[in-house]
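Atoms within a ligand are numbered from 1 in the order they appear, just like the ligands themselves. Note that the structure is a prediction, hence the values are computed from the model and not measured. All values below were derived from every heavy atom in this structure, side-chain atoms included, with hydrogens, water molecules and symmetry-related copies excluded.
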Amino acid sequence: MMFKAFLIKYGEIGIKGKNRHLFEDALVHQIKYALKPVEGEFLISKEQGRIYIEALGDYDYDEVIESLQCVFGIVGICPVVLKEEEGFEQLAKDVMEYLDRRYPEKNKTFKVNTRRAKKSYPMTSMEVSAALGGRILEAFPEMKVDVHQPELMIHVEIRKKINIYSEMIPGPGGMPVGTNGKGMLLLSGGIDSPVAGYMIAKRGVKIDAVYFHAPPYTSERAKQKVVDLAKIVAKYSGPIYLKVVNFTDIQMYIYEKCPHEELTIIMRRYMMRIAEHFARETNSLGLITGESIGQVASQTMQSLAATNEVCQLPVYRPLIGFDKQEIIAVSEKIGTYETSILPYEDCCTIFVAKHPVTKPNLKIIRRSETHLEEKIGEMVKTAIETAETIVVDALS
Ligand code: ATP
Ligand code: MG
């Protein structure tokens with residue numbers, strides 16, 4: 001194993017002053033979480049606006065990279081060689097050894113880029129770069145300098161230790177989870193809502209979730225599918241508190257009392273109301289859904305207005321302008337697609353009308369809901385009280 005350490009690059013825009021510490025601490029926290037299941041022991045340290053991960057023994061390189069690529073806030077992962085500062089001769093030797101081991105073919109154009117954080121170092125950055133460039137050409141005559149578009153940018157940073165690196169493996173970008181409050185995701189077993197959760201978590205938002213389950217119309221396997229999806233999202237977002245609400249009675253009652261073509265809309269309104277209750281109870285600052293304009297009858301502009309009307313908290317719909325194909329592409333990338341397409345029934349599909357309203361009229365919907373007055377309050381209360389909480393952790 002050539003590399004024992006990684007230098008983590010993160011976006012720095014907008015994280016000046018006090019925010020910077022919050023950002024870095026959250027990032028370190030999420031890195032620790034991501035590395036927990038990886039075999040090996042790692043030391044994570046913050047130093048002069050940098051985050052380092054050092055392996056304290058054997059570890060699986062690919063697994064580390066894969067795990068770090070799930071940590072929002074990371075822009076790049078640089079496998080780095082760290083050396084004590086012991087004068088230029090030793091530095092030149094270390095750089096030669098680095099190149100020899102990392103690029104045995106040595107048929108590349110290169111440029112040396114030196115940064116000197118330690119101003120007491122006796123040479124300037126320019127001098128170090130020039131001297132190292134000369135040494136490399138001497139030692140490896142096949143290599144050529146190209147200052148404009150080098151194939152290899154050899155970074156040498158003189159800090160507390162000397163950093164030598166030449167690669168940056170892309171991270172997922174975004175902001176570390178925990179830096180932007182919390183949101184309540186309405187998570188179904190479909191393709192869209194896990195992607196919506198991923199996208200909001202990517203902006204630094206911690207995620208809780210709620211799933212409306214309708215036994216016996218929806219099976220245990222359908223519920224397990226939602227837990228499995230939450231588990232995949234949790235690889236990126238950290239642990240998710242998933243509320244499983246028994247929605248059967250409410251759904252049956254709506255079916256009994258309201259026009260069938262309005263069933264989906266009215267059901268969605270009750271989902272939003274209950275989700276909002278849990279959001280407030282657990283300090284979430286908004287609801288998150290996987291809706292996209294026009295995708296189905298319940299997602300036309302009129303339908304969205306009807307579902308939106310019942311909540312006071314903001315509703316975040318990160319997929320609003322996405323086509324299905326674009327959503328699928330993200331779900332494949334993040335690894336939820338295969339689980340999402342498993343064919344278990346969804347509570348929304350069971351009682352769907354042949355011709356659901358596509359342009360619900362708010363006055364009519366409100367009037368239909370008055371038919372529920374007798375029992376709905378009690379039913380919502382029971383649904384809330386009997387909800388099960390599952391802590392979903394990617395690691396368990
Ligand atoms: P998805 O792929 O996310 O299931 P969908 O295209 O099937 O989306 P709908 O069934 O209309 O869309 O649901 C729209 C949104 O409502 C979902 O993205 C999700 O956020 C929420 N939702 C729908 N059904 C449920 C459910 N059973 N539990 C929790 N949330 C749900
Ligand atoms: Mg669905």
Side-chain angles (χ1 to χ4, degrees), residues 183-200 207-215 217-219 221-230 232-233 240 242-248 250-251 254 262-279 284 286-304 306-308 310-311 315-320 322-328 330-332 334 336-353 356-358 360 383 387-388 390 392:
M184 178 63 74
L185 170 67
L186 283 89
L187 181 62
S188 69
I191 295 170
D192 308 329
S193 44
V195 172
Y198 167 90
M199 288 181 66
I200 296 292
I207 301 284
D208 281 342
V210 52
Y211 165 58
F212 295 92
H213 188 42
Y217 305 101
T218 52
S219 62
R221 294 210 305 183
K223 173 176 152 188
Q224 186 57 44
K225 176 181 166 183
V226 173
V227 173
D228 292 343
L229 285 170
I232 301 171
V233 176
I240 294 176
L242 172 68
K243 291 269 185 203
V244 179
V245 176
N246 187 326
F247 203 53
T248 314
I250 295 174
Q251 203 168 351
I254 300 171
E262 293 170 13
L263 174 76
T264 308
I265 291 291
I266 295 176
M267 221 169 68
R268 304 267 309 109
R269 282 162 62 99
Y270 278 96
M271 284 186 185
M272 299 302 264
R273 289 175 172 115
I274 294 172
E276 179 164 79
H277 170 90
F278 288 128
S284 270
L287 303 180
I288 304 157
T289 75
E291 291 159 315
S292 135
I293 292 175
Q295 197 190 73
V296 286
S298 58
Q299 296 176 31
T300 61
M301 290 286 272
Q302 291 86 348
S303 297
L304 290 169
T307 15
N308 213 62
V310 298
C311 9
V315 181
Y316 296 104
R317 301 179 171 92
L319 309 182
I320 201 69
F322 277 39
D323 293 343
K324 196 74 188 188
Q325 272 314 315
E326 293 170 308
I327 301 171
I328 288 174
V330 183
S331 80
E332 284 175 333
I334 68 174
T336 51
Y337 185 71
E338 292 301 321
T339 305
S340 287
I341 58 172
L342 292 173
Y344 308 131
E345 64 292 331
D346 180 76
C347 77
C348 293
T349 54
I350 289 173
F351 302 93
V352 269
V357 280
T358 53
E388 176 192 4
I390 304 175
V392 183

In ligand 1, which numbered atoms sit nearer than 4.0 Å to a non-hydrogen atom of [X]?
X: Ser193; answer: 1 (P), 3 (O), 18 (O), 19 (C), 20 (O)
X: Gly190; answer: 1 (P), 2 (O), 4 (O)
X: Gln295; answer: 6 (O)
X: Val210; answer: 29 (C)
X: Leu187; answer: 28 (N), 29 (C), 30 (N)

Which of the listed options, Gln299, Arg268, Arg317, holds the heavy atom that is closest to atom 21 (C) of ligand 1?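 Of the listed residues, Arg268 has the closest heavy atom.
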The one among Leu185, Asp192, Ile274, Val245 that brings a heavy atom closest to atom 8 (O) of ligand 1: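 Minimum heavy-atom distance to atom 8 (O) of ligand 1 goes to Asp192.
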May I ask you to decide if Ser303's main-chain N or O and Thr307's side chain share a donor-acceptor pair within less than 3.5 Å?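 Yes, the answer is positive, given that a donor and an acceptor are paired below the 3.5 Å cut-off.
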Main-chain N/O of Leu342 paired with Lys225 side-chain donor or acceptor, under 3.5 Å: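 Confirmed, Lys225 side chain pairs with Leu342 backbone.
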Kindly give the heavy-atom pair with the smallest separation between [X] and [Y], and that separation in Å.
X: Thr336; Y: Leu229; result: O-CD2, 3.6 Å
X: Lys243; Y: Ala387; result: CD-CB, 4.4 Å
X: Asp192; Y: Gly290; result: CB-O, 3.3 Å

Where's the contact between His213 and ligand 1, heavy-atom distance under 4.0 Å: side chain, backbone, both or neither?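 Looking at His213 and ligand 1, no heavy atom falls under 4.0 Å.
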Heavy-atom distances under 4.0 Å decide this one: backbone, side chain, both or neither, for Ser298 against ligand 1?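 Near ligand 1, Ser298 shows its side chain, while the N, CA, C and O stay back.
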N/O of [X] under 3.5 Å from N/O of ligand 1, yes or no?
X: Ile191; answer: yes
X: Leu186; answer: yes
X: Ile288; answer: no
X: Thr289; answer: no

Side-chain contact test, heavy atoms from C-beta onward, threshold under 4.5 Å: evaluate it for Pro356 versus Leu263 and give yes or no.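 In short, these two side chains do not touch, never coming nearer than 4.5 Å.
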Just wondering, do Val296 and Thr264 contact through their side chains at under 4.5 Å, heavy atoms?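 They are not in contact (no side-chain heavy atoms under 4.5 Å apart), so the answer is no.
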As a test of understanding, state which of Pro194, Ser188, Ser331 forms a side chain to side chain contact (heavy atoms under 4.5 Å, CB included) with Ser340.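 That would be Pro194; it is the only one of Pro194, Ser188, Ser331 passing the side chain to side chain contact (heavy atoms under 4.5 Å, CB included) with Ser340.
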Any side-chain donor paired with an acceptor under 3.5 Å for Thr358 and Thr300?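 No, Thr300 and Thr358 have no side-chain donor paired with an acceptor closer than 3.5 Å.
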